[in-house]
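Numbering of ligands and ligand atoms starts at 1, following listing order. Reckoned from all heavy atoms, side chains included, excluding hydrogens, waters and symmetry mates.
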Amino acid sequence: MTYQNNFSLGINNAMQQFLLFFNPIPFGLLLLGIGLYFRGKLTYWIQIIVSLVQSIWLFANTLYYREFSDFLSFGIIKSSSSVSNNLGTSILEIIHPTDFLVFLDVLILILMMSFKVIQPDMSTTKRRYGAISSVVAVVLFSINLSLAESDRSQLLSRTFDNNYIVKYLGVDFFAGYSAYQTHQQTATRKNASKSDVDKVLDFVNKNRSQPNVSYYGKEKGKNVFILHLESFQQFMINYKSDGEEVTPNINRFYKDQHTMSFDNFFHQVGQGKTSDAETMLETSMFGLPSGSSMTSYGSSNTYQALPAILDQQGYSTASMHGDVGSFWNRDNTYKSWGYQYFFDSSYYDDKDDYSIGYGLKDKIFLQQSAKYIEQLPQPFYAKLITVTNHYPYDLDKQNQSIDKTKTGDKTVDGYVQTSRYLDQAFGEFIDYLKKSGLYDKSVIVAYGDHYGISDNHPKALAKLLGKDSLSSYDLAMLQKVPFMIHSSNLSGGINHTYGGEIDVMPTLMDLLGIKNDDTIQLGNDLLSTDRNQTVAFRNGDFVSPDLSKIGSKVYDNQGNKVNTKKLTQQQKDILKEQQDHTDKSLSLSDKITTGDLLRFYTPQNFDKVDKSQYKYKYSDGMKALKEAQRKKKTSLIEQNGGKSTEDLYKTDAPELKDDDE
Ligand code: GP9
Ligand code: MN
C-alpha cells in the first residue's frame with residue numbers, strides 16, 4: 001500500500017505491477033525468519049522488532065520521498081549531520097496522519113502478545129524452520145531478481161535511479177544495497193589508480209567542443225556574479241498568475257538586449273539538489289546517483305574547480321549564502337574548490353523576523369551582501385545563493401504581494417508568492433549593481449538550480465499550466481530552468497541550444513578567455529557550434545533537440561511516443577550513441593568522484609589547491625579581506641574613495657523599515 005500510495009515508481013506493465021506486489025515477500029521472509037532460529041517467546045519478540053524496524057524504514061522513506069522524490073540512502077543518512085539541522089523546518093508539513101498506518105501491524109502484534117491472544121507454542125518452534133524460511137527466501141529472491149532483469153536489463157550494474165531498485169527489488173533490498181555502497185566508498189578510493197584517468201581523458205577530449213571565436217575571451221578580466229535562484233523553473237519566465245505577471249524583474253533581465261538567455265537549459269540534479277547544481281556549475285562533474293557528492297566527497301577529494309582556476313587568474317572569489325555554513329558540507333567543499341571567502345549566515349545580521357525556512361530572506365541577504373561585495377578586490381567571482389523560494393514556499397504576510405494560486409495543492413500554491421519575493425529581491429540587487437557601477441563591469445549569470453514543484457504534483461502542475469494532464473515528456477520538459485548571461489558588451493537574444501548545468505563552467509571559461517583544452521570536465525561550451533546537445537539527466541534519461549528518452553520510452557521533440565522498432569537504421573544509431581554518451585558521462589563522472597581521480601591528474605597552468613590555506617570563520621575571513629584590500633587596491637569601496645556604497649542599496653524589506661523607526 002505504501003508503494004502504491006506514497007511513491008511514484010512509474011509502473012509501466014503487468015510484470016512491474018506483479019513485482020511490486022512480490023518484492024516485499026522474499027525479504028519479509030528472510031528477516032522475519034530470523035526469529036525462527038530462536039525458541040519460544042523470543043521468536044515472537046524478535047519478529048516484532050524486525051517488523052518495527054521495517055516500519056520505521058518505510059515511514060522514514062515515505063517522508064523523505066515526499067520532499068525529495070527519492071529514497072533515503074545511507075549516503076544521505078551518513079551526511080545527515082549537515083542536513084538535519086535544517087530539515088526540521090519543514091518536517092511537520094510533510095507528515096500525513098495516514099503515514100502512521102505503517103506501524104499498525106506492530107501495534108496489533110504487541111497487543112496480541114501482551115494480552116496473550118497469541119500463545120507461543122513452545123514445542124513446535126524448531127530451528128530447522130528458520131533454515132527452511134531462509135532458503136525459501138533466497139529462492140524467491142532469485143526469482144525476483146531474474147524477473148526484474150528480464151524486464152529491465154543491467155538493473156544493478158547501472159543503478160542510475162533508486163526508484164528502479166525499489167520498484168523491482170523493494171525497499172529492504174535498497175537499504176542493504178545502499179549500506180553496502182557506502183561501505184564500498186572507502187574501498188573504491190583505495191582501488192583507483194592513475195590508469196583510470198586515461199579512459200576519462202579519452203572521453204573528455206572527444207567531447208570537448210571548439211570555443212566559438214566570436215565569444216572566446218570576450219569577457220576577459222570582468223567581474224563575475226553567479227546569482228543562484230533557488231528552485232526557480234523556466235516556466236515561471238513570463239508566467240502570469242490570474243492575469244498578473246509574477247516575476248517582472250527577472251523577465252526584464254531575460255529579455256534585456258544584453259542578456260543571452262537559454263530556453264532549452266535543464267537542471268540535472270539528483271538527490272543532492274542545490275549541492276548537485278553547485279557541483280555541476282563549478283566543477284563540470286555530475287552529482288552522485290544517490291546522496292550528495294559535496295557531503296560524501298567534498299571534504300576529501302581533489303578538484304580543479306572554477307573558483308580555484310579564477311583565483312589563479314588573479315580573481316577574488318567568494319560564495320555568499322544566508323544559511324549555516326555546514327549545510328551540504330559547503331564549509332569543507334568550498335575549501336577543496338579554492339574559494340577564498342565563504343560568507344555564510346554568521347557574517348549576516350540576523351534578527352527574529354529576518355529568516356524563514358532555510359535561512360535569511362532574500363531581500364535582507366542580498367542587501368547585506370553589498371558590504372562584502374564592495375570590499376572584494378576586482379576582478380572578483382561572487383556567487384550569491386538565495387533560498388526563500390524553497391519548499392514549502394512559506395512567506396510571512398508582510399512580504400506577500402501576489403495571491404497564492406488555487407490548485408488546491410498546498411505544496412504548490414505558495415510557489416508564485418515566494419517566486420515573486422525572489423523576483424523583487426533580484427530587482428533590488430540589479431538596481432544596486434547599476435547604481436554602484438558594477439553592472440557594466442561584470443558578467444551577471446543568473447540561473448535556477450532545480451525544479452521547485454516536483455513530479456509528484458502532476459495535477460496541480462497541469463492546472464498551473466492550464467493543461468488537462470501532463471505526460472512524462474511534459475514533466476521532463478518542466479525540468480528546464482532559466483540560464484542567463486548578461487554583460488554590457490554582449491548582444492542578447494534567446495539561444496535554443498540544448499544544454500544543462502554541466503555545461504556552465506566550460507562556457508564561462510571560454511567567455512573569460514581561460515585556456516581550457518586539457519581540463520577534465522564533462523560538459524561543453526553552450527556557445528560552441530559543434531557541441532553535443534544530448535542532455536543527460538541524473539537518472540540516465542536524456543533529452544535532445546530530436547529524440548529524448550524518458551523512463552523506458554522514446555519521444556520526438558513534439559512529445560509524441562516513438563516506436564523505436566520503426567526508426568530508420570540511422571536514427572537507431574543516433575539514439576544508441578546518445579544513450580552511450582549519457583551513460584558514459586554519468587558513469588565516468590561517478591568514477592572520477594568515487595575514485596578521487598583528479599588527484600592523479602593536474603592540468604597545465606593549474607596549481608593544486610591547498611585546502612589548509614582557507615579559513616571561513618568570521619574573524620579569519622574579515623582579517624583576510626582586510627589584508628587583500630591592503631595588497632590590491634581595486635575593490636569598489638577603494639575606487640569610491642574609501643566610501644561605502646551600502647547606502648546606494650534600496651530595499652523595501654519591511655523587516656528593515658522597523659529598524660529605522
Ligand atoms: C540550503 C539550501 C537548500 O542551504 O541551499 O538546498 P536544497 O534543499 O535546495 O538542496
Ligand atoms: Mn536548491
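- Contacts between D323 and ligand 1 below 4.0 angstrom, taking non-hydrogen atoms only, involve the side chain exclusively.
- Between the side chains of D350 and S355, at least one donor N or O sits under 3.5 Å from an acceptor N or O.
- Figure legend: cation-pi geometry between K335 and Y616, with NZ or CZ positioned under 6.0 Å from the six-membered ring centre and within 45° of its axis.
- Counting heavy atoms under 4.0 Å from ligand 1, residue H228 does not touch it at all.
- Within the coordination shell of the Mn ion (ligand 2), defined by N, O or S atoms under 2.8 Å, T274 is present.
- Taking the six-membered ring for Trp, F71 and Y64 have ring centres at least 6.0 Å apart.
- In terms of polar-atom proximity, defined here as any N/O pair under 3.5 Å, H390 does make such a contact with ligand 1.
- Residue contact annotation: W328 has a non-hydrogen atom under 4.0 Å from ligand 1.
- At least one N/O-N/O distance between H450 and ligand 1 falls below 3.5 Å.
- When only interatomic distances are considered, the shortest N/O to N/O separation between R330 and ligand 1 falls below 3.5 Å.
- Between K351 and E655 no salt bridge is recorded (no basic side-chain N to carboxylate O distance below 4.0 Å).
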Fill in: Stepwise side chain to side chain contact (heavy atoms under 4.5 Å, CB included) check, F7 with T2
CA-CA 7 Å; F7 307 140; T2 302; 3.9 Å; yes
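- Checked by atom type and distance alone, the side chain of Q340 pairs as donor or acceptor with a backbone atom of Y315 at under 3.5 Å.
- With respect to the Mn ion (ligand 2), D449 has OD2 as its nearest N, O or S atom.
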